[in-house]
Amino acid sequence: MNTPCYALVDCNSFYASCEKLFRPDLKDRPVVVLSNNDGCVVARSAEARRLRIGMGVPLYQVRDLIQRNEVTVFSSNYALYADLSARVMRTLEEMAPAVEIYSIDEAFLDLGGIETSRDLLDFGQEIRRTVDRWVGVPVSVGIAPTKTLAKLANHAAKRYGRTEGVVDLRDPARQRRLLAITPLKEIWGIGSRLSARLEAMGIHNALQLANTDPRLMRKAFSVVVERTVRELNGEACIGLDEIPAAKQQIICSRTFGTRITDYRDMREAISDYASRAAEKLREEQRYARVVTIYLRTNPHSDRDPQYSNAASTELSLPSNDSREIIAACQGLLRAVYRDGYRYMKAGVMLNDFYEAGVFQADLFNPGQERPHAKALMNTLDQINHSGLGRVFFAGQGIRKEWGMQRAHLSPRYTTSWKDLPLVR
DNA sequence: TCTGGGGTCCTAGGACCC
DNA sequence: TCTGGGGTCCTAGGACCC
């Protein structure tokens, strides 16, 4: 049996790199990408990071800094990032025997057995060159016997220029040296709450955590922390998941571009989110029984009266038909909507999923067949995935005055025919 | 004035049953 | 004043991730 060996490949400043790819004029220039509604900074190019623009800060707090330094600002262009992500992942799948897509910009590779046939630092550099040539997005590579250590190796590859973007952390002595200079909150699985509790116990860095007794850590915290301790010591506890688990929940929620004060606008928004959620559900090829909506005012405001509420219902039969899910959400909205508030956000949640044909027929509506429903939803999805335009239900609204603010949106270069870049 | 969105896993505790 | 024990299931809440 081989010692396990994982690589973590992570795109550098992914969203910012995607934007730069189609804007060669922005090479070596600071770029930031904003969250939905242009609220917070969620990605920064290396140049922007050097200006000390923080991750996750609200835009209004860094507006001066951005203007003074002529930072180029983009709204999130999720269609573009998802498409480029798929290209990166396809490239990695061609290069490694087993790949787990961990997030939009990261993948774990199983390198077990490869080290006998080739030098892993070389292999890491080959990954970097290939992704750069085929897709144009820069990546870093961390290599280690456990996923938790591979994560840390990747951090190091990003942080220290001398590594040239690849760190091989298989050597235990090297692991200990890196752990000794790694703060707790940089460890995968240790967030701010656990960091604070560990600090209070006198544990201040990753090496000190690695040196604790894993069984005691399980008692004091949970099995999650126990696994982290073992992984830091090179004992692989978390395997590679090539096939993503089926989703258990689908959420579609948004902060509105402007506050909603009108029932009809709220009904439009809820219908729109319901339709998006149903679309995602069909992509999963699942049917949901439980539908939930929630809405709330702005909790940061101390002037406006506050209200937040949620409501759920169980469909008589699990469904992924947009019309049924929209109707259920509109019914729930009538129950929880109150006049006289300035609503900031609402959402639709789907739960309790079934595969086609496995659920019990409704006792009171036996044989409730909907022969045309599937064909109609298929047609809808095909049109909406064609890149030619979208069809939608009238209840979703046409003008969408409550819709997202995206003042700095780039074209959908790769997923919309009308946005194809032109070379003159 | 302005603060994202979408997920997962684990645990404790209550409800319920025999 | 006295009032078992053990098991399962479900849910809410906390913590984490990107």
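So that the names make sense, note that chain A is the first sequence line, chain B the second, and so on, each numbered from 1. Keep in mind the model is a prediction, meaning the values are calculated, not measured.
Using a 4.0 Å cut-off on heavy atoms, the residues of residues 180-205 of chain A that approach DNA chain C are A:Ile187, A:Trp188, A:Gly189, A:Ile190, A:Gly191, A:Ser192, A:Arg193, A:Leu194, listed by number. In the region residues 226-244 of chain A, proximity to DNA chain B at under 4.0 angstrom, judged on heavy atoms, holds for A:Arg227. DNA chain B is contacted by no residue of residues 61-84 of chain A, taking any non-hydrogen atom closer than 4.0 Å.
Counting any heavy atom pair closer than 4.0 Å across all strands shown, A:Asp38 reaches no nucleic acid atom. Across all strands, A:Ile250 comes closer than 4.0 Å only to sugar-phosphate atoms, never to a base (heavy-atom distances).
With A:Arg128 contributing its side chain and A:Glu164 its backbone, the two residues share a donor-acceptor pair below 3.5 Å. In this structure, the side chain of A:Arg176 does not engage the main chain of A:Leu207 through any donor-acceptor pair within 3.5 Å.
For A:Arg49, there are no salt bridge (charged side-chain N to carboxylate O under 4.0 Å, His left out) partners, not counting sequence neighbours. Checked against salt bridge (charged side-chain N to carboxylate O under 4.0 Å, His left out), A:Glu199 has no partners two or more places apart in sequence or in another chain. A search for salt bridge (charged side-chain N to carboxylate O under 4.0 Å, His left out) contacts involving A:Arg230 returns A:Glu226, A:Glu235, not counting sequence neighbours. Not counting sequence neighbours, the partners of A:Asp272 by the side-chain contact (heavy atoms from CB on, under 4.5 Å) test are A:Gln396, A:Lys400, A:Trp402. In this structure, the side-chain contact (heavy atoms from CB on, under 4.5 Å) partners of A:Leu240, at least two apart in sequence or on a different chain, are A:Tyr6, A:Ala98, A:Glu100, A:Phe108, A:Asp110, A:Lys147, A:Glu242. In this structure, A:Asn298 has no side chain to side chain donor-acceptor pair (under 3.5 Å) partners at least two apart in sequence or on a different chain. Applying the salt bridge (charged side-chain N to carboxylate O under 4.0 Å, His left out) test to A:Glu126 and every residue at least two apart in sequence or in another chain returns A:Arg118.
A:Phe353 and A:Gln249 make their closest contact through CE1-N, 3.6 Å (heavy atoms, listed as atom of the first residue, atom of the second, distance).
Secondary-structure annotation of DNA chain C gives the stems B:5-18 with C:5-18, with a stem taken as at least 3 successive Watson-Crick or G-U pairs whose two distances both fall under 3.5 Å.
When each of B:dG5, B:dT1, B:dT3 is scored by its nearest atom to the side-chain atoms of A:Arg303, the top-ranked nucleotide is B:dT1.
Taking atom NZ of residue A:Lys345 and atom P of nucleotide B:dG4, one finds them 7 Å apart after rounding to whole Å. Across the protein-nucleic acid pair, A:His155 atom NE2 and C:dC18 atom C1' stand 11 Å apart, rounded to whole Å. Rounded to an integer number of Å, the gap from A:Asn36 CG to B:dC2 P is 18 Å. For the pair A:Ile251 CD1 and B:dG6 C1', the computed distance is 6 Å after rounding to whole Å. Between the C1' atom of C:dC17 and the CD1 atom of A:Ile104 lies a distance of 14 Å, rounded to the nearest Å. In this structure, CZ of A:Arg289 is placed 13 Å from P of C:dC10, rounded to the nearest angstrom. Rounded to whole Å, the distance from NZ on A:Lys147 to C1' on B:dT8 is 13 Å. What separates OH of A:Tyr102 from P of B:dT8 is a distance of 12 Å, to the nearest Å.
Heavy-atom distances to DNA chain B give each of A:Cys40 and A:Lys247 a nearest nucleotide, and the one nearer the 5′ end belongs to A:Cys40. Each of A:His300 and A:Arg254 was assigned the nucleotide of DNA chain B with the nearest heavy atom; the assignment lying further toward the 5' end belongs to A:His300.
Look at the C1' atom in both B:dC16 and C:dG4: the space between them is 16 Å, to the nearest Å.
Summarising the local packing, CZ of A:Arg193 is surrounded by 12 or fewer heavy atoms from other residues, nucleotides or ligands at distances under 6.0 Å.
Between the side chains of A:Glu19 and A:Tyr81, a donor-acceptor pair is found at a separation under 3.5 Å. Looking at A:Glu279 and A:Ser322, their side chains never bring a donor and an acceptor atom within 3.5 Å of each other. Remark: the A:Asp10 side chain and the A:Ser140 side chain contain no N/O donor-acceptor pair separated by less than 3.5 Å.
Between A:Tyr307 and A:Tyr341, the angle of the ring planes stays under 30°, which puts this pair in the parallel group of the 30/60° scheme.
Note on A:Gln405: every side-chain N or O is 4.0 Å or more away from OP1 and OP2 of B:dC2.
Taking the ring centroids of A:Tyr15 and A:Phe74, they lie at or beyond the 6.0 Å cut-off.
Between A:Glu47 and A:Lys20 there is a salt bridge, since at least one side-chain N of the basic residue sits less than 4.0 Å from a carboxylate O of the acidic one.
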Name the pairs: protein N/O against N/O of nucleotides 11-16 of chain B, kept only if under 3.5 Å.
unit_1, atom_1, unit_2, atom_2, d
B:dT11, OP1, A:Val223, N, 3.4

